[in-house]
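Working notes, beginning with the structure itself.
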Number of protein chains: 2
Amino acid sequence: MKKKLSIVDLAKQLNISPTTISFILNGKAKEKRISDELVKRVLKQIEEVGYKPNSLAQSLRTGKTMIIGLMVEDIADPFFSSIARLIEEKAYKNGYKIIYCSTDNDSVKTKDLLSMFQDRHVDGYIISPPEGVEKEVNDLIDNGTPVILFDRYLPDTNADYVVVDNRTSTYEAVLHLINNGYKNIAFITLDSLQTQMQDRLQGYESALTQHNLPHHLKEISFNQDEEQIIRHIVSFLERKPNLDAVFFGTNYLCISGLKALKKLGKKIPEDLAVVCFDDDVVFELHSPSITAIAQPIEEMSEKLITILLGKLNKASKVKKIQTDILSPELIIRASSRRL
Amino acid sequence: MKKKLSIVDLAKQLNISPTTISFILNGKAKEKRISDELVKRVLKQIEEVGYKPNSLAQSLRTGKTMIIGLMVEDIADPFFSSIARLIEEKAYKNGYKIIYCSTDNDSVKTKDLLSMFQDRHVDGYIISPPEGVEKEVNDLIDNGTPVILFDRYLPDTNADYVVVDNRTSTYEAVLHLINNGYKNIAFITLDSLQTQMQDRLQGYESALTQHNLPHHLKEISFNQDEEQIIRHIVSFLERKPNLDAVFFGTNYLCISGLKALKKLGKKIPEDLAVVCFDDDVVFELHSPSITAIAQPIEEMSEKLITILLGKLNKASKVKKIQTDILSPELIIRASSRRL
DNA sequence: CTGAAAGCGCTAACAG
DNA sequence: CTGTTAGCGCTTTCAG
């Protein structure tokens, strides 16, 4: 276990002061008018002995950790893990590391996690927040820590956010069903007040209302295992034999829904058309393939990291909330075509 | 931006020394025989003013960061993101946080990432390693940092590992095909020397050899986008019209394979039976459902974190390498049944 | 141009 | 039982 050498060791080797090395390392060589020759000598020695500054000491001193806290609903969900992948890439490219966690949409757990991240002096946050953490998020922001929300946002908060236009995209997907002659369209969604779910619900309702069609809403509560969800969907579909289409509010509801339909022996789209919010390879490969609203994941991550890095670099006192509302794409597949 | 208070501030408030507080906080109250009354008073004050020790300073002082580095091939892959989810849960429960990254199976990138993680003084590592980082891993271990490998291991390394029995499980899956009357079984795999892929290949080959059946091997190189992979698979299948079954070495190869089969208009299992290593909801929902070898993800994560925490707690000089070889489960579905 | 020295907040040996 | 003190390794002001 060889001892890591410090800036002092290095200074001794070179017979100069640690200060000078620090200046050189922090790009202040010019500013402090350190001779090119010395700079070269120092750099060479650093290379040779493989000196690496201790980032913990740096962080303690400067208050910056170069770590971003990424809090998602569930890192195992393909939507979130894809985002995590892209964010990671861009963050590392800029010298930032990522600490992640899954919130389970649980506000108590999330508060706990937020506090742990704060302990670690995370420089900035990217969060898909549950409801109920408004105060904590605002405290963070008041404290000068950048927080960017995504997927959903917290209205009573000063945090920037990047989301998609849930309302319009849902509206258009339902319109697509209506245009294909479907008249009894169900919406199976989460029993959630989060903005994205509320917006999807509104999109659904306004499309139906506009066309004088009946509403068929099924709200499923979040904390259930898949078996239970399937059972709820089965029972709902059995109670509503006149349905001819169903719109699922999230990808995993749709997956459970497809299992439910399989169980019931329903043919898609003959018995029931299917559309889903969020795309996934499952829907592409399914027979028949499932129409889905695909979120622009790449663009979303790009915006997230750009906004965050922007805030991180400038000690920008720009108080204006940045919001980005992206447009998802409706990918029409076999499950929603009238035969 | 309110100033966070330090242990010294707290000491002043209470008119005692920081040492005493430190002792109390680190569970040495009894050992140092500090009066219960004082302890209570200190704890109360801490609660009241919301004092939190600065973990950066703690880390700088103690050398422990309570951070685990998780390096996977690709955090967006469902296998790895599920593992990440479970590891996260268990780690947080034990006070550890997780920094993650995706290696892309790129040894250069991985070395870089390892070095960044070292900079941050990560306490221990969980890695699904690419080939070519043996030296770095051994250095870490020699340095006293616990490293646990999973999914695959590095033979020339002293790292512990948790893997599944790839050879036997593949052997048995191929046997299952043979017992169902399939005679021309292809193996579509990665052009990789990683242990798990080599073991799967061996399992395939020994089953065929034992039954005097012809080998049909297609190795696909790692760094390609999905389109290319599909094209390679299509061309392979076209060149081999006599195949009656195909075994895919990884989940995403199988997904690409299913797309290829769709393109070719092949019926499963009538034209071609399909079996895949790694399970996924896609395979369960596919029509027909796809037979797959499911890895015990829960058990795997449990072992990983248990071994790591064990090493982290004891300054155990136990030099013996711990290895865990778990048994995956063959889930027989419609895609491999002879009609 | 370069160096001395003061911390960042915490821990732990040592001394009462 | 409790306090003093010396760092952990780095940055940065201030003085040459």
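Each chain gets a letter, A, B and so on, in the order the sequences are listed, and its residues count up from 1. Bear in mind that the values here come from a model prediction, so they are computed numbers and not experimental data.
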Quiz prompt | Selected nucleotide, minimal atom distance to B/Pro53 side chain, candidates D/dG3, C/dC10, C/dA4 | solution = C/dC10

Self-check item: Interatomic distance, B/Ile21 CD1 vs C/dT11 P [rounded to whole Å]
Solution: 11 Å

Quiz prompt | Side chain of B/Thr62 - closest among C/dT11, C/dT2, D/dC10 | solution = C/dT11

Quiz item: Any salt bridge between A/Asp160 and A/Lys320, counting N to O under 4.0 Å?
Solution: no

Practice problem: Give the intermediate values and the outcome of side chain to side chain contact (heavy atoms under 4.5 Å, CB included) for residues B/Asn26 and B/Ser22. | Solution: CA-CA 6 Å; B/Asn26 292 302; B/Ser22 176; 3.3 Å; yes

Quiz item: Side-chain N or O of A/Gln58 less than 4.0 angstrom from OP1 or OP2 on D/dG9?
Solution: no

Quiz item: For B/Leu14 and D/dT2, what is the distance between atoms CG and C1' respectively, to the nearest whole Å?
Solution: 14 Å

Exercise. Mind listing the residues from residues 6-13 of chain B sitting with a heavy atom below 4.0 Å of DNA chain C? Number order is fine.
Key: B/Ser6, B/Ile7

Exercise. Using the side chain to side chain contact (heavy atoms under 4.5 Å, CB included) rule, pick out the option among A/Tyr125, A/Phe117, A/Tyr96 that qualifies with A/Ile68.
Key: A/Tyr96

Exercise. With DNA chain C as reference, determine whether B/Leu56 or B/Thr19 sits nearer its 5' end, using the nearest nucleotide of each.
Key: B/Leu56

Exercise. Could you tell me whether B/Lys30 contacts a base, only the sugar-phosphate backbone, or nothing, with contacts defined as non-hydrogen atoms closer than 4.0 Å?
Key: nothing

Practice problem: Assign B/Ser35 to base, sugar-phosphate, or nothing according to its heavy-atom contacts below 4.0 angstrom with the strands shown. | Solution: sugar-phosphate

Quiz item: Is there a side-chain contact between B/Glu136 and B/Leu140 (heavy atoms, below 4.5 Å)?
Solution: no

Quiz item: Can you check the A/Asn26 CG to D/dT12 P distance for me, whole Å?
Solution: 7 Å

Quiz item: Between D/dG3, C/dA6, C/dG3, which one does the side chain of B/Ser17 approach most closely?
Solution: D/dG3

Quiz item: Are A/Lys311 and A/Asp123 close enough for a salt bridge, meaning some N to O gap below 4.0 Å?
Solution: no

Exercise. Would you mind classifying the nucleic acid contact of A/Leu60 as base, sugar-phosphate or nothing, using non-hydrogen atoms under 4.0 angstrom?
Key: base

Exercise. Would you mind reading off the distance between A/Ile24 atom CD1 and D/dT12 atom P, rounded to a whole angstrom?
Key: 15 Å

Quiz item: So, is A/Lys32 close to the C/dT2 phosphate, meaning a side-chain N or O under 4.0 Å from OP1 or OP2?
Solution: no

Self-check item: A/Ser115 and B/Lys52: CA distance, side-chain angles, deciding distance, side chain to side chain donor-acceptor pair (under 3.5 Å) verdict
Solution: CA-CA 10 Å; A/Ser115 147; B/Lys52 296 268 204 123; 2.5 Å; yes

Exercise. For B/Arg120 and D/dG9, give me the distance from atom CZ to atom C1', rounded to whole Å.
Key: 13 Å

Quiz prompt | Side-chain N or O of B/Lys64 closer than 4.0 Å to phosphate OP1/OP2 of C/dT11 | solution = no

Practice problem: Take the protein atom NE2 of B/His121 and the nucleotide atom P of D/dG9, then report the distance between them rounded to whole Å. | Solution: 8 Å

Quiz item: Quick one: do B/Glu89 and B/Arg85 make a salt bridge, cutoff under 4.0 Å?
Solution: yes

Quiz item: OP1 or OP2 of C/dC10 less than 4.0 angstrom from a side-chain nitrogen or oxygen of B/Tyr51, does that happen here?
Solution: yes

Practice problem: Taking only Lys NZ, Arg NE, NH1 and NH2, and the carboxylate oxygens of Asp or Glu, determine whether A/Lys30 and A/Asp36 approach each other closer than 4.0 Å. | Solution: yes

Exercise. Report the distance from atom NZ of A/Lys52 to atom P of D/dC10, rounded to the nearest whole Å.
Key: 13 Å

Quiz item: Within the structure, does a side-chain N or O atom of A/Asn54 lie under 4.0 Å from either OP1 or OP2 of D/dC8?
Solution: no

Quiz item: When we call it a touch if two heavy atoms are under 4.0 Å apart, what does B/Ile16 touch: a base, just sugar-phosphate, or nothing?
Solution: sugar-phosphate

Quiz item: Is there a donor and acceptor pair closer than 3.5 Å between the side chain of B/Ser22 and the base of C/dA12?
Solution: no

Quiz item: Between C/dC10, C/dT11, D/dG3, which nucleotide gets closest to the side-chain atoms of B/Thr20?
Solution: D/dG3

Quiz item: How long is the gap from CG on A/Asp119 to CG on A/Leu114, to the nearest 0.5 Å?
Solution: 11.0 Å

Quiz item: Once you round it to whole Å, what is the distance between C1' of C/dC14 and CD of B/Glu31?
Solution: 15 Å

Quiz item: Between C/dC10, D/dT12, C/dT2, which one does the side chain of A/Lys28 approach most closely?
Solution: D/dT12

